[in-house]
Amino acid sequence: MARYSNLVKPRSPQLLHLQVLRSRQLSPHWMRVTLGGGEIDRFEAMGFDQWFRIFLPLGGDEGLERIPAKANKLFGYLKYLRIPEGVRPVMRNYTVRAFRPATAEAGAEIDVDFVLHGTGPTAGPASRWAAAAEPGESVVIIDEGLGFNPARGTARVVLVADETGAPAVAGVCASLPASATGIVLIEAPSAEDVLPVDAPAGVEVRWLVRDAQTPGSLALAALQELPVETAGTHYFIVGEQSLPTSARRHLVAGGVDKSVISFVGYWRVGAASPAPKSQQAQQGAQA
Ligand SMILES: Cc1cc2nc3c(=O)[nH]c(=O)nc-3n(C[C@H](O)[C@H](O)[C@H](O)COP(=O)(O)OP(=O)(O)OC[C@H]3O[C@@H](n4cnc5c(N)ncnc54)[C@H](O)[C@@H]3O)c2cc1C
């Protein structure tokens with residue numbers, strides 16, 4: 001289960017039916033899927049690392065029509081589980097890499113950057129879906145708001161992520177004031193997966209190209225090399241669960257107040273996607 005710090009709730013946490021408009025492979029491990037159409041006009045962009053649950057119709061579109069309104073909350077999730085297997089859409093968590101409002105010529109669009117992890121049966125269903133997504137396919141999303149709480153500070157930031165957090169870090173950089181300063185540490189699974197990140201001039205973006213290391217370990221090591229900033233800095237750490245957990249422990253031990261560390265565990269080695277809190281509650285009840 002992903003562990004979250006202090007989230008900023010979305011303004012409109014409702015089911016939105018959207019379509020795939022197009023997809024483009026950016027690099028060996030990145031697939032950008034652009035969503036729009038359908039109910040996109042009801043999407044309220046919040047900037048920063050805005051994220052959402054996405055429901056993928058791996059058992060056909062019928063399952064999308066049966067998703068309960070609050071499938072990301074306890075009772076809604078229990079109803080979602082009543083959709084028969086084989087029809088039930090797969091639910092995963094992804095980030096708004098970019099949002100473009102509607103223009104006179106085109107509707108609004110959301111870019112979602114999917115990490116392609118593994119191939120064939122070893123890849124997760126979301127990664128497999130993104131690798132083959134076709135224009136016109138339907139999906140449903142529910143907005144979840146922000147993990148980076150701007151109230152904790154935007155003047156000076158240290159942003160740390162493995163590749164799954166690259167869209168979030170890029171979104172945060174795009175939303176910071178031009179006067180912001182800081183350091184960004186992002187891991188890439190290969191040199192070709194290093195992508196441009198627009199950041200304020202005072203924010204240094206360092207990509208760390210992994211070789212055979214465990215995801216998150218390079219970013220953690222790089223953070224540990226930096227002087228710990230105990231005042232005026234907002235830390236944001238996302239990625240494989242052990243990265244935010246270890247990084248937060250390191251920072252707190254160095255004297256950083258927990259209230260200026262925003263963190264989210266995005267995935268776990270060897271475990272399918274983190275379930276929502278509701279599922280954790282259900283599992284706890286069954287234990
Ligand atoms: C708030 C939030 C925002 C996120 N935003 C993004 C985003 O914008 N882009 C993005 O790519 N991911 C993002 N993630 C992470 C993504 O949800 C997980 O990687 C998810 O597990 C992928 O689902 P899947 O169906 O492909 O694999 P799953 O079925 O969940 O997992 C199958 C297997 O693959 C492994 N696995 C899962 N992800 C990876 C990975 N990245 N590398 C290597 N092995 C992996 C698991 O450990 C498991 O063994 C986000 C997560 C959260 C919580």
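Quantities reported herein were computed from a predicted structural model and do not represent experimental measurements. Starting from 1, each residue takes its place in the sequence as its number. Quick note: numbers below take in every heavy atom, side chains included, and nothing from hydrogens, waters or symmetry partners. Indexing begins at 1, ligand by ligand and atom by atom, following the structure's order.
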query = Quick one: do Val256 and Leu243 end up in the same hydrophobic cluster if we chain Ile, Leu, Val, Met, Phe, Trp and Tyr together by side-chain heavy atoms under 4.5 Å apart?
reply = yes
Of Leu116, Val90, Asn93, Thr95, the one whose closest heavy atom lies nearest atom 13 (C) of ligand 1 is Asn93
Ala271 touching ligand 1 at heavy-atom level, < 4.0 angstrom: yes
Ligand 1 atoms nearer than 4.0 angstrom to some heavy atom of Gly124 are 24 (P), 25 (O), 26 (O), 27 (O), 29 (O), 32 (C)
On a heavy-atom basis, the closest approach of Ser190 and Pro28 is OG-CG, 4.3 Å
Here the atoms of ligand 1 under 4.0 Å from any heavy atom belonging to Ala272 are 28 (P), 29 (O), 30 (O), 31 (O)
Logged contact type for Arg268 with ligand 1, heavy-atom cut-off 4.0 Å, is backbone
Do the ring centers of Phe263 and Tyr235 come within less than 6.0 Å of each other?
no
Note: heavy atom closest to atom 33 (C) of ligand 1, options Met31, Gln50, His117, Arg53, belongs to His117
So the atoms of ligand 1 within less than 4.0 Å of a heavy atom of Tyr94 turn out to be 4 (C), 5 (N), 6 (C), 7 (C), 8 (O), 9 (N), 10 (C), 11 (O), 12 (N), 13 (C), 22 (C), 23 (O)
In ligand 1, the atoms that come under 4.0 Å of a heavy atom of Ala126 are 23 (O), 24 (P), 25 (O), 26 (O)
- Any N/O of Phe114 closer than 3.5 Å to an N/O of ligand 1? no
Note: with side-chain heavy atoms under 4.5 Å as the link, the other cluster members for Val90 come out as Leu16, Leu18, Val20, Met31, Val33, Leu35, Ile40, Phe43, Phe52, Ile54, Leu56, Leu58, Tyr94, Val96, Phe99, Ile110, Val112, Phe114, Leu116, Trp129, Val139, Ile141
Inset, instruction - Report yes if some N/O of Glu163 lies less than 3.5 Å from some N/O of ligand 1; otherwise report no. - result: no
Show every donor-acceptor pair shorter than 3.5 Å between a side-chain atom in residues 163-185 and any protein atom, with sequence neighbours excluded, or say none if there are none.
from, atom 1, to, atom 2, distance (Å)
Glu163, OE1, Arg210, NH1, 2.8
Glu163, OE2, Arg210, NH2, 2.8
Thr164, OG1, Asp162, OD1, 2.6
Ser175, OG, Phe48, N, 2.7
Ser175, OG, Gly171, O, 3.2
Thr181, OG1, Arg156, NH1, 3.0

Under 4.0 Å from one or more heavy atoms of Val115, ligand 1 contributes atoms 10 (C), 11 (O), 41 (N)
Here the atoms of ligand 1 under 4.0 Å from any heavy atom belonging to Ser127 are 26 (O)
Honestly, for Asp162 the part within reach of ligand 1 (heavy atoms, under 4.0 Å) is neither
#### Entry: N/O separation below 3.5 Å, Pro125 to ligand 1
yes
Closest heavy-atom pair, Asp49 versus Phe148, reported as atoms and distance to 0.1 Å, is OD1-N, 3.0 Å
Ignoring angles and geometry beyond distance, decide whether Pro167 reaches within less than 3.5 Å of ligand 1 through its nitrogen or oxygen atoms. no
*asked:* Please determine whether any non-hydrogen atom of Gly270 lies less than 4.0 Å from an atom of ligand 1.
replied: yes
Note: Trp51, heavy atoms under 4.0 Å from ligand 1, region reported as side chain
Show, in sequence, the C-alpha distance, side-chain angles and deciding distance for Ser262 and Arg152, and conclude whether the side chain to side chain donor-acceptor pair (under 3.5 Å) test is met. CA-CA 8 Å; Ser262 298; Arg152 293 176 157 198; 3.2 Å; yes
Check: of Val264, Thr164, Leu56, min heavy-atom distance to atom 6 (C) of ligand 1 comes from Thr164
Minimal heavy-atom distance between Arg248 and Ile237, with the atoms involved, is N-CD1, 4.4 Å
| Do we see a donor-acceptor contact under 3.5 Å between the side chains of Gln50 and Asp143? | yes
**Q.** NZ/NE/NH1/NH2 to OD/OE distance under 4.0 Å, Arg268 and Glu240
**A.** no
Short version for Asp113: what comes under 4.0 Å of ligand 1, heavy atoms counted, is backbone
Residues Pro125 and Arg92: closest non-hydrogen pair is CG-NH2, 3.5 Å
Nearest non-hydrogen contact to atom 23 (O) of ligand 1 from the set Arg128, Arg92, Glu240, Gln241 belongs to Arg92
Nearest heavy-atom approach of Glu187 to Ala219 is OE2-N, 2.8 Å
